[in-house]
Amino acid sequence: MSELNINSKVQEMLERSEQNAKNSEKTFVRPEDEVREVVAPDGSIIKINPLYDYFSGERPKEEKPKNAIVEKFLNWARSESIWVLGFGTGCGSIEIPPLVTPRYDMFRFGVQMRPTPRQSNAFIISGYLSVKTLKRVIRSYEQMPSPKYVIALGSCTINGGMYYDSYSTINRLDKYIPVDVYIAGCMPRPEALLAGFGKLKELIKEGKAEKANEYARNFDEYKANQKKIIKDWNMPDYNW
Amino acid sequence: MNIYVKIAYTFLGLMIVLNWGMLMRVTFRKIGARMAGRHGVPFRQPWIDLIKNIAVRTTLTHGVMFYLGPVFRFSGAVGLFLFMPILFGKEAWMNFSFEGDLVLILYFQLFGMLGMALGAGEGGQPHSAIGISRGLAQHAAVELPMTMGIIALAIQYQTLSISEIVAAQQGGFLHWSFFTNPVASAAIMLSALGAFGYSPFNLVKAPNEIPIGPPTEYHGTYLGVLMTSGNILGVMETILFMNLVFGGATNWFELIIKSFLIYFYAVFVGMVFPRFRIEQSVAWFFKIPLLLGFIAILMYSF
Amino acid sequence: MKELVEKLNTKYALQDIIYQRDNMVFATISKELVIEAITYMRDYEGFAHFVMMSCADWIEDNKFQLTYILNNPQQRCDVALRVMIERENPTMTSAHHLWKQVWTYQREIREAFGIQFPGSPRVEENFVLEGWTDKPHMLRDFDTHEYAEKTYFPRGGRTTNDPATYMREKLYPNQPVTAKKNKNVE
Amino acid sequence: MNIKDIFTPFTAWSGVLKDPVTIKNPIGREAAPRYRGFHDNDINVCIGCGTCEAICENQAIDLVPVDGIDTKSGDSGLRPKIDYGRCCWCALCVDICTTDSLRLTNEYTWVDTDADNFRFIPGVDPKDWYEKEDGWRKPVPNYNFYGKERVHMGELHADERSDSFIEFVKGYSKEQAQQEADRCVSCGICTATCPAHMGIPEYIKAVRNDDMEEGMRVLYETNPLPEICGRICTHKCEDVCSVGHTGDALSIRWLKRYIADQIPADTDKYKDILGTGDLAKNGKKIAIIGSGPSGLSAAHYLALLGYSCTIFEKLPKAGGMMRYGIPEYRLPYDQIDKDVDYIAALGVEFKYNVNIGTDITLEQLEKDYDAVFSGTGLHLGRSTRIPGSDNENVYQSVDLLRDIVLEKPVPVKERVVVIGGGNVAMDITRSMARLQMQQFGKVNVITTSLEDEEHMPADREEIVEAREEGCSIIPGYGPQEIIIEDGKVKGLKVWKCLSIFDEKGMFNPKFDQAEERVFEGDMVIESIGQGMDLSYLTEEIKSKIEFNNRGRIVVDADFQAKGLPWLFVGGDIIEGPDVIHGIANGHRAAMGIDKFLNQGR
Amino acid sequence: MLNNFFGFKPDRSKYPSVNEDGSLNIDLSSHQYTKLWLGPNHPGVTGNMAMELTLNGDEIVEGKTHVGYLHRGFEKLIERRLFVQGFPTSIRMCVAEPDTNEYLIAACTEELSGYDKQIPDMAKWLRMLSLEMARLQGLLRGVPGQAGTYSLGIGVQWGVYLRDLILDRFEELTGARVYHMYIIPGGVRGLLPEGFKARMEDNLKDIDDFIVRIKKLMFDNAIFKKRSIGQGIVTKEMVDKYGVVGTTARASGVKRDVRKDNPYLFYDQLDFDPPTAEEGDIYARTFVRWQELIQTVDLIRQIMAKMPEKGDIRAQMPNVLNWRIPKGETYVRIESGRGEYGMYYVTDGSDKPRRVNLRGPSYTHGVALLEDLLVNTNIADIHALMVSLQTCPPEIER
């Protein structure tokens, strides 16, 4: 049987992560995720790194808009069909139920909730993010297909808000993922949230909501910031 | 009829069915919203969602089967359409229905689900896997009583052709199988609840347990294809039941009314009932509709 | 209430008994006796409801104060037992066998204060934090503001002025004055 | 499971035909009238005290300078800038706002793509929600974050005090002082207005903490006469107190007195607390003319710096105007002695009954000492120069007050008219009332002033207390003539005063002749201001130094007389009349002397 | 019967076997078990919480909860804030029912500083009103939410709409929708606005109607009954063993209600009787909560009828910037919509607290009890179980 073919990029990262693991004093890799050698059915010994094997190893790609006229039409469609990921990351998520219920009814405006990041294109960061959640947020954000938008609610995402001095929550969201629209408030009322969706629609229609490409462009910078605070990076770098 | 004209008609029919499916679904979403006291999505929303999904830039795949999942489902839906007589007595809208199409239709009903099983499995998402295993389990439970009912009808009308079953029901609503063979109809219509995938039998896609189940990993164009085939399937299921139980349709207007009402029947039940757990729903299908199916077969076997 | 406290006092030598309310008493008990005392109270005095367990850091006395609050649902009274333990290598006997939820408290206290509870289930697992490398976060000498400033990129460009200092600089820059900053919040 | 359970849920379908309850146009919907939305600040009312910054738990508020708003006494010139990346809209800043200028409107929609925009100065940066009337304001009465009412200071009742010169203000007890100190919001606006720039919030904090020794240290940093100042200071700080904008100003003066009162009159104890036990001498000598506030203050700070000071005093005891101009019921002599004794204990030499110019000349002082500080004060009364004012029964209040202290016989008549509306006028009014009470058993003093009741320069409580003691204060009249019959004073003719200053702001009173009154009295006391006596300056010196258009010696920022580097001048003759100015001048002159003498090194 | 016939219940006595130290012997590589993470990005998990499940088919053999995704370190932050500053901070500890936190921090500081006797009556009535309104809005989400977990969404829609109406009343009274910041140490921050009672009464009438409708939709629903009866049973013995409180305890036949047992404010002047049930399953808990909803509506009516028209809203307290509380400690508990909700408060004589520790019902319900109840349930029932235990993660991790 031929040698198992590993993507050269993955191979490179695998080696680097092994190196990192050796160098850093405290690692947070769970025992079951550690790099280990297993015997393949044919008797050959292969090295597996579960963290990397779960996912493919590609950086996010910058995806340029197409032809201007087509893009304009598509942007209109995108703006009228905003699918929001149902991930309540902070207090602001308490204002989501009123939005999907009779009083405010955001379905009227083409805004719907989706349960999985793969099908969503808008991410509401509803307030503060603890580092533990941030890790999941980044993961979810990276799983969302481009073009994707981030709406940040409340003071906490702008400059730390009420938890500016907390050891557990981040201060500025834009250091970790690009943000399209900020809505002031602690927390913003549903009406303000709808106004935020209105603003997002405008941006999309104007073709200005291209933050997903910005993330791809400045990927290393964002990653460096993320790594600075997420010590337990128990998931791969590039999980595209 | 010329085969090219036939193909053109089929293609047109597919478009009509697709758009009718979207319109019907969005209408029911709006009815549901009304019940809750809100307006709900605009009528154009499904079309915009479809364009949006096609406009999604990132498409990533987990492998060949991941690609083929939606394709299988789409072919299942199209296959269902191809061999289903849509309007009775209009040659142009009989599609490719033939003697024995009933068997093929039953097969195509399962075809999409199997495709999804393969695709979702390759997606690697455990929720999809759970969803699809539930889906297959439930589908099996649905198919059994439904097949029983259909066999009873086949025995009653002594044919395996849908067109002939429809033809036998013409001449006033009292000739419908619904009235001529209420037990088999009941078996079919009760299991139809499961086929439509509304509550209480929507565990497959339960968004608040296993985030929408099999299609969890599907996005962009894949999702667009899934949505399209879902809409076609929805209409085709209603047309199947219409043809089997409610005497088919002779014109588009009749088809629209009947399919709407048949679909409404699923929504009517689904809106006010929570969903069954998978083993509960399987048990339910095995208890009531299966029993009715047996009785129906027994009634016509002797 | 009084009788009960006296009974406990003779049995377990309570100190610093404070009647916070008519039906709530705080008392200090020695580290060795506390598990025995709460077991006794649960089994014989009807204190069946374990309200909570908490820890406070008295860094100036070099002590941790562990507080066990028990409630008697029939008599509707509470007894809170304080235990003072050394701040150096703190260890406490686990009480997870008495109530099912106690291990959660112990797991949290171990993470937040670094107090060890040998034998408590899953006590070594992280409770709320993930990948935490600093000292236990609830200790008094852990400065959360400093940590946040250092770690989380606070948005720059902010300057503030103390009115008194600002007025001095503006109005009488060269005059001898007291120049102490007097702010309530640093 | 029964069959009913299958059909009952379908009743939910009955709602399908009802109209939706959705809000038709939710974006920008008006919030409740009390809603806590975005901030607005009335910047003309705001004084930039920074209480909002202090209470903000999120550090969302910065105080920043604003164009067009000047820093001045009672207004820091700063305005709150709010970071909406921090704010949690709790409105604690509104609830504590000392001037009620800050409020929240009920606007709540602010969507932006740039996170750096969420910072603004309410009331300054243009925002479209300022015109909204609704929003959160401080709740209805009985909702205060700090005490609005001053803790009442115990006083002797008017009946008890009106016939004696014993001190009638009792001073705070510990509880009262702490309660009063608790009202302080520690903004520090007052320190700029205080001429001595005392650390007012710091010593009030010491009162709260019941740490009198710390309080004393804070006091002595800028003010070596706390006992005196704590009683008779003109408390300009209280006029600008931020707490006073929507309530009673803090009794800063009484708190100062409270601190000083808690320390027993023991110079060793003082030295112990203030750490002035052994002061190294630097061998230089300073002469100080006059033992008033400025002289004592200069002596104190010079002594701390190691200079040997000698104070030359014309009168038999130290204190200057504080002793000889202020009646004992306001400032008991033993309290003056308490402060003076401590300064003397620092090694300052006092030479009493020495008259500069006659006993020793200024030139002599220049030769014997390294520098001279002159704080001779305003000891000459100023006359109204109205007809009849040259009568022998027309007196100057300064002279009478000095005579009372010197225990010289003071002429007391049954009916007295006092001209003047300042604190000195009140002093003489009340002193005469006491003397009348002692002599005749009844009070008949009429005091009149140009200014109307609201603009009288005297402290409110002085007027109120004077009235309690039976004096008639009739403000708003301008004296025209002292009516003299047979060489005896019969009364004072006055006209109603309409305005005091003209459009240009010059002193040019206008009267309503129609409203003429005559205040009957047997003696008239003029108390409209004091003048300085510079007779001790020789012509030679006078020729070297400069005088401004008001006849005052021109000094630089260090109170060094222009033209004569060795001569420093301060106190009432430069700025005043006011004890706290004197103290501040003395302090700064001391620093100036130090600078002057150390320039060579 | 048929379920047993088809053999859906696995025999847990055979696997997984239990190790000596009490842990389960689960070998993932045997492919007999699956590891499944539910959450935190999961619409079915209440709040932001994760569950690490070990599955055997659809059944859970071991469930571990993971919290901390909403951890903000409140208890640390409050140690850095003045007593009055602590109150806007504290209320965020539980977003579902923030007023209880406000009341607790106010009550603790008042008790320790000795001002608890001086709180004006009007303020106490208003506090009660806001606490009951908070309970009402919580129940309006919670009761239909139980059906929502089984995908019966209409009830949720009705409930959240009515909750919005209550939030409107909150907005009028307190100036905010969700984080009211109304109960301040010393009193409250405003009187009833004009016409409040009439508007409230209108909303209560709507809620009366809703109570009837939701009864027909949920409690007389065959499938809801089938799903919830006999699920997630908390027995009477478990109540003390796990520290179960509130409606969850009452649904297991243990009548415990702080409002009755240790009356605070003016609860002793109100006429009410906490509803109970014996079964202890999800249905019983939901049904008890539904009765509680009726009772809360009645309580609000009673409070509005009994409260005076006017009065002081705040006691004369020390300057908030300089407020110091002498050294002491206390534990104050109240009955929130979820049960006993307490705060342990330690002061050291400075102007900031030494230690604040919240004891929320979710802390026991959502970790220890939930983990044990999870065993042998179906994945489909996790969400229902969490909601029925009223798990609120922010209150667990704070």
Side-chain angles (χ1 to χ4, degrees), chain B residues 29 31-40 124-135 137-138 140-141 193 197-213 216 267-288 290-291, chain E residues 1-9 34-39 41-46 53 55 57-59 144-162 206 210 216-218 220-228 231 377-384 386-387:
Chain B
R29 284 184 73 180
I31 289 176
R34 274 284 165 146
M35 218 170 136
R38 56 190 172 86
H39 292 285
Q125 166 68 266
H127 290 137
S128 326
I130 294 171
I132 202 67
S133 60
R134 288 173 173 187
Q138 181 172 297
L193 282 177
Y198 268 83
S199 195
F201 306 106
N202 60 347
L203 201 78
V204 184
K205 285 188 176 181
N208 48 5
E209 289 158 29
I210 41 164
I212 77 165
T216 306
V267 175
F268 188 70
V269 176
M271 205 57 85
V272 293
F273 281 111
R275 70 168 76 94
F276 273 129
R277 234 163 41 207
I278 193 71
E279 81 270 13
Q280 289 170 336
S281 83
V282 168
W284 188 84
F285 282 117
F286 284 179
K287 259 192 262 179
I288 302 165
L290 194 66
L291 201 67
Chain E
M1 175 199 74
L2 216 58
N3 284 2
N4 299 343
F5 174 75
F6 283 104
F8 289 124
K9 286 266 172 278
T34 320
K35 191 142 242 184
L36 181 72
W37 279 77
L38 230 61
N41 171 10
H42 191 286
V45 175
T46 58
L53 306 172
L55 303 173
D58 252 10
E59 301 270 331
Q146 190 63 54
T149 63
Y150 300 129
S151 103
L152 182 53
I154 314 172
V156 182
Q157 302 256 346
W158 297 340
V160 177
Y161 166 66
L162 292 166
D206 286 350
F210 164 78
K216 287 181 185 160
L217 183 66
M218 276 173 70
D220 294 344
N221 191 321
I223 299 180
F224 181 79
K225 280 185 171 174
K226 194 169 176 60
R227 289 286 308 262
S228 57
Q231 282 292 330
T377 42
N378 195 298
I379 314 174
D381 287 324
I382 299 171
H383 188 198
M386 285 179 80
V387 170

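Within every chain, numbering begins at 1; the chains are lettered A, B, ... in the order of the sequence lines, protein sequences first and strands thereafter. All values reported here derive from a predicted model rather than from experimental measurement.
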**Message:** Please check: side-chain N/O of E/N221 versus main-chain N/O of B/V272, any donor-acceptor pairing under 3.5 Å?
**Reply:** yes
**Item:** Contact summary for E/I154 and B/M35, nearest pair of heavy atoms
**Value:** CD1-CE, 3.2 Å
**Prompt:** Taking all atoms of both residues into account, what is the closest heavy-atom pair of E/A380 and B/R277, and its distance?
**Reply:** CB-CG, 3.5 Å
**Prompt:** Do the side chains of B/Q280 and E/R227 get nearer than 4.5 Å, heavy atoms only?
**Reply:** yes
**Message:** Would you compute the distance between atom CD1 of B/I130 and atom CG of E/L36 and round it to the nearest 0.5 angstrom?
**Reply:** 4.5 Å
**Item:** Minimum heavy-atom distance between B/P274 and E/I223, given as atom pair plus value
**Value:** O-CG2, 3.4 Å
**Asked** Non-hydrogen atoms of chain B under 4.5 Å away: do they reach the side chain of E/F224, the backbone, both or neither?
**Response** both
**Heavy-atom closest contact (B/R134 atom, E/I379 atom, distance)** = NH2-CB, 3.9 Å
